Amino acid sequence: MVARPRHEGSAAFDRFVESSRPVVAAFDGHFQDTDGAASACRAPGSGGMVVRFTSMSRARAFYDSEDYARLRGATEQ
């Protein structure tokens with residue numbers, strides 16, 4: 001999964017990243033270190049994040065989950 005903020009440097013996106021960590025982990029996902037900065041979990045030059053799941057079915061379960069829907073809803077307000 002790749003996610004990017006709607007606005008560069010968005011504080012809401014940063015909160016989304018942090019609050020999504022336990023939900024991602026619950027679906028066997030982890031933040032991919034793509035730019036050598038493990039704490040950032042951001043794709044080089046994109047300002048976004050990259051999450052890797054153990055399977056497509058776990059990724060789909062995450063995406064379809066109520067927990068992820070609540071996280072997405074919080075960023076849309």
Side-chain angles (χ1 to χ4, degrees):
M1 179 182 91
V2 176
R4 290 183 292 156
R6 287 187 191 91
H7 306 288
E8 199 63 38
S10 169
F13 185 76
D14 291 340
R15 287 190 303 275
F16 168 78
V17 170
E18 287 308 309
S19 61
S20 68
R21 287 181 189 279
V23 178
V24 166
F27 289 90
D28 304 322
H30 68 276
F31 289 85
Q32 185 70 40
D33 179 14
T34 58
D35 63 357
S39 63
C41 305
R42 303 289 174 99
S46 74
M49 69 177 188
V50 177
V51 178
R52 174 178 268 175
F53 291 91
T54 56
S55 68
M56 192 63 192
S57 63
R58 294 307 286 162
R60 175 56 63 189
F62 166 80
Y63 188 82
D64 292 339
S65 73
E66 290 181 26
D67 290 333
Y68 182 57
R70 278 192 291 276
L71 290 171
R72 284 193 325 259
T75 63
E76 294 170 0
Q77 296 175 2

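Predicted model only: the values in this text are computed from it and were never measured. Values reported hereafter were calculated over all heavy atoms of this structure, with side chains retained and with hydrogens, waters and symmetry mates removed.
Atom CG of residue D67 and atom OG of residue S19 lie 10.5 Å apart, to the nearest 0.5 angstrom. To the nearest 0.5 Å, the span separating CZ on R52 from NE2 on H30 amounts to 5.5 Å. The distance from the CZ atom of R58 to the CE atom of M56 is 13.0 Å, given to the nearest 0.5 Å.
Note that R21 lies in the cation-pi zone of F31, set by a 6.0 Å cut-off to the ring centre and a 45° limit from the axis. Because its NZ or CZ atom is both nearer than 6.0 Å to the ring centre of Y63 and within 45° of the ring axis, R72 counts as a cation-pi partner of that residue.
A distance below 6.0 Å separates the ring centres of F53 and F62.
Of all heavy-atom pairs spanning V24 and V51, the tightest one is CG1-CG1, 3.5 Å.
For R60, the CZ atom is loosely surrounded, since the number of other residues' heavy atoms within 6.0 Å does not exceed 12.
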